[in-house]
Amino acid sequence: MTLERFLYFGSDEIAVPTLEALAEREQVLAVLTQPDRPSGRKRKLTPCPVKARALELGLQVLDPEKVGEVSEQLQDLQPDLAVVFAYGQYMPRSIFELPRHGSINLHPSLLPKYRGASPIQSALLDGLEESGISILKVSAKMDAGDLLLQRRVSMGEEDDGVRMRQRFASLGAELILEALEGLREERLSFVPQDEAEATECGKLSKEDGLLDWKRSAESLRHQVRGCQPWPGTWFELENGERIKVFRVRIEAATAKAGTLLELKGDGPLIATGEGALRLLELQPPGKSRMDGRSFMNGYGRLLPEMLP
RNA sequence: CGCUGGGUAGAGCAGUCAGGUAGCUCGUCGGUCUCAUAAUCCGAAAUGCGUCGGUUCGAAUCCGACCCCAGCCA
């Protein structure tokens with residue numbers, strides 16, 4: 001198979017290393033990304049990470065509101081293959097079938113599991129100890145195309161959403177090169193997914209981050225790990241302020257859920273529906289993240305009355 | 001000029017509204033107690049209140065400008 005002329009579709013940070021790997025070895029005709037959005041403290045129009053990097057690399061960037069708008073330009077480029085990773089926009093068939101050999105997509109889960117918008121976070125929320133990344137053919141149905149290559153990854157105690165994203169980001173860069181080589185030498189082929197095994201995950205919402213002490217310590221810990229970097233996890237004080245929680249440890253203890261059991265050691269210890277959680281890293285409103293000890297130094301005496 | 005909160009000893013905070021020369025918890029150092037100790041008790045060091053300027057006899061506290069940090073927003 002002849003693969004020389006590439007298009008890259010991506011927006012999110014996780015897709016940056018893959019673009020870099022591709023741009024270094026191959027001819028990237030154009031990079032398609034999301035248009036600039038207002039973001040950050042000043043709400044100013046900011047290019048997405050992939051666009052920013054693509055410009056630095058001197059690549060042609062196209063950021064239409066809808067991909068359809070640039071289909072003619074893409075046609076003129078005569079691409080052999082499009083690589084898609086966290087593009088964040090729906091691609092109509094006319095686009096993903098436009099390159100001579102179609103389009104392939106990177107997806108950070110072991111498909112057919114966790115098709116959809118939040119594969120990394122959902123796998124962590126479910127408490128999985130293993131996940132992975134897949135490369136598949138783009139098809140009309142989201143994440144349902146034929147599989148080309150997968151790589152398994154184990155997830156440990158210390159792995160939260162942020163770390164897993166980093167790992168998948170660099171893994172994507174490795175895997176894409178492997179996939180291209182496999183395709184050129186025709187060693188790899190596309191195999192259909194097992195539809196019976198398929199599961200879907202939707203977008204997370206802000207409210208998914210609220211900690212409910214009535215749940216078990218274990219599921220709360222999964223929540224804390226999975227809701228990074230967004231929406232984060234937090235609990236509310238009586239005055240409505242939100243204390244974010246970044247890292248916790250499960251400890252044995254039984255008491256009414258939500259009870260503050262201890263204010264010493266590595267952090268506050270709070271009873272849950274099943275077991276207790278030691279809060280090891282937190283962030284009060286307007287402050288930066290701090291470890292549990294620091295938190296107790298400043299907030300310890302307030303906490304007992306302020307916990308609802 | 002999107003909105004909001006914040007910058008005070010090594011860390012986390014109080015004090016700012018009613019200006020008078022800085023306090024709490026933890027840590028650090030020394031000592032005490034103890035078989036021992038991260039536990040107890042006693043004591044000490046350290047800072048000079050984000051920056052610049054103004055008002056004032058006097059400012060962390062009032063006024064002005066600026067810098068930095070964090071949250072909201074998907």
Side-chain angles (χ1 to χ4, degrees), chain A residues 9-16 32-52 63-67 84-91 107-108 116-122 124-125 142 160-162 164-165 168-169 201-211 223-224 226-249 251 260-270 278-307:
Chain A
F9 289 72
S11 299
D12 197 78
E13 189 144 31
I14 195 173
V16 170
L32 284 283
T33 76
Q34 294 276 45
D36 298 359
R37 307 280 185 212
S39 76
R41 220 143 264 153
K42 296 199 155 52
R43 306 261 67 199
K44 86 176 167 230
L45 236 45
T46 312
C48 65
V50 166
K51 177 175 175 179
D63 58 353
E65 200 62 54
K66 297 260 193 225
V67 233
V84 184
F85 193 5
Y87 177 44
Q89 209 180 111
Y90 175 75
M91 295 172 71
H107 184 80
S118 59
I120 302 175
Q121 287 138 311
S122 297
L124 286 164
L125 286 171
M142 263 281 235
D160 64 8
V162 173
M164 291 314 297
R165 279 168 63 81
F168 284 126
C201 56
K203 268 190 188 155
L204 295 184
S205 80
K206 182 75 193 165
E207 294 317 305
D208 290 323
L210 180 62
L211 293 167
Q223 187 183 0
V224 170
C227 287
Q228 303 299 337
W230 194 87
T233 44
W234 69 89
F235 60 91
E236 278 185 1
L237 300 178
E238 261 183 341
N239 61 12
E241 287 189 336
R242 292 179 166 186
I243 307 290
K244 293 188 161 193
V245 180
F246 293 93
R247 216 154 45 78
V248 297
R249 181 170 66 221
E251 294 192 11
L260 179 63
L261 296 171
E262 206 176 276
L263 259 179
K264 55 182 182 184
D266 293 334
L269 183 67
I270 299 200
R278 178 81 66 185
L279 310 183
L280 302 175
E281 195 172 348
L282 9 217
Q283 181 176 26
K287 300 291 180 179
S288 32
R289 293 164 70 147
M290 60 185 77
D291 59 53
R293 287 173 187 274
S294 298
F295 180 80
M296 288 188 294
N297 283 339
Y299 293 79
R301 65 201 121 120
L302 305 173
L303 206 53
E305 305 108 63
M306 300 206 55
L307 222 48

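Just so we're clear, the structure is a prediction, and the values are computed from it rather than from any experiment. All chains are named by letter (A, B, ...) in the order of the sequence lines, taking the proteins before the strands, and each is independently numbered beginning at 1. Excluded from the calculations below are hydrogen atoms, water molecules and symmetry mates; all remaining heavy atoms, backbone and side chain alike, are included.
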Given that both distances must come in under 3.5 Å, which nucleotide forms a Watson-Crick or G-U wobble pair with [N]?
N	value
B/G64	B/C52
B/A18	none
B/G58	none
B/C33	none
B/C3	B/G71

>> Using a 4.0 Å heavy-atom cut-off, does A/G88 contact any base of the nucleic acid, only the sugar-phosphate backbone, or nothing at all?
In response: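 If one applies the 4.0 Å heavy-atom cut-off, A/G88 turns out to touch nothing in the nucleic acid.
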>> Just to be sure I understand the rule, does A/K42 reach a base, reach only the sugar-phosphate, or reach nothing, if contact means heavy atoms closer than 4.0 Å?
In response: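 Base, at least one base atom sits under 4.0 Å.
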Would you indicate, yes or no, if [N] has its OP1 or OP2 atom less than 4.0 angstrom from a side-chain nitrogen or oxygen of [X]?
X	N	answer
A/Y299	B/G12	no
A/K244	B/C72	yes
A/K44	B/G2	no
A/R293	B/G27	no

Separation between the [atom1] atoms of [N] and [M], rounded to whole Å:
N	M	atom1	result
B/C72	B/U55	P	42 Å
B/U25	B/U40	P	13 Å
B/U28	B/G19	C1'	34 Å
B/G54	B/A45	C1'	36 Å
B/U8	B/C49	C1'	4 Å
B/U37	B/U47	P	31 Å
B/C63	B/C3	C1'	24 Å
B/U16	B/G5	C1'	15 Å

> RNA chain B: A/D291 or A/K203, which has the more 5' nearest nucleotide?
Replying inline: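 The residue whose closest nucleotide sits nearer the 5' end is A/D291.
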>> With nearest nucleotide decided by heavy atoms, which residue, A/R41 or A/M290, maps closer to the 5′ end of RNA chain B?
In response: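 The residue mapped nearer the 5' terminus is A/R41.
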Using whole Å, what does the distance between atom [atom2] of nucleotide [N] and atom [atom1] of [X] come to?
X	N	atom1	atom2	result
A/D266	B/G27	CG	C1'	15 Å
A/N297	B/A14	CG	C1'	13 Å
A/L45	B/C1	CG	P	17 Å
A/I243	B/C13	CD1	P	10 Å
A/E236	B/C72	CD	P	13 Å
A/K264	B/A38	NZ	P	16 Å
A/L263	B/C26	CG	P	12 Å
A/M296	B/G27	CE	P	10 Å

> Hey, does A/Q228 have a side-chain heavy atom less than 4.5 Å from the side chain of A/T233?
Replying inline: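 Yes - at least one pair of side-chain heavy atoms lies under 4.5 Å apart.
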Atom pairs, protein N/O to nucleotides 43-50 of chain B N/O, distance under 3.5 Å:
none

>> Does A/K206, at its NZ atom, have more than 12 non-hydrogen atoms belonging to other residues, nucleotides or ligands within less than 6.0 Å?
In response: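 Yes.
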Counting distance only, does the side-chain N/O of [X] pair as donor-acceptor with the main-chain N or O of [Y] below 3.5 Å?
X	Y	answer
A/Q89	A/V67	yes
A/S118	A/G202	yes
A/Q223	A/L210	yes
A/E241	A/P285	no

>> Side chain of A/S294, heavy atoms from C-beta onward: which of B/G12, B/C13, B/C72 has the nearest atom to it?
In response: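 The nucleotide sitting nearest to the side chain is B/G12.
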> Per the salt bridge (charged side-chain N to carboxylate O under 4.0 Å, His left out) rule, which among A/R249, A/K244, A/R247, A/R293 passes with A/E281?
Replying inline: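 Exactly one option meets the salt bridge (charged side-chain N to carboxylate O under 4.0 Å, His left out) with A/E281, and it is A/R247.
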> What do the steps show when you test A/S294 against A/N297 for side-chain hydrogen bond (donor to acceptor under 3.5 Å, both in side chains), and what is the final call?
Replying inline: CA-CA 5 Å; A/S294 298; A/N297 283 339; 5.2 Å; no
> Is it true that A/R165 and A/E13 make a salt bridge, defined as a side-chain N closer than 4.0 Å to a carboxylate O?
Replying inline: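 Salt bridge between A/R165 and A/E13, a charged N being under 4.0 Å from a carboxylate O: no.
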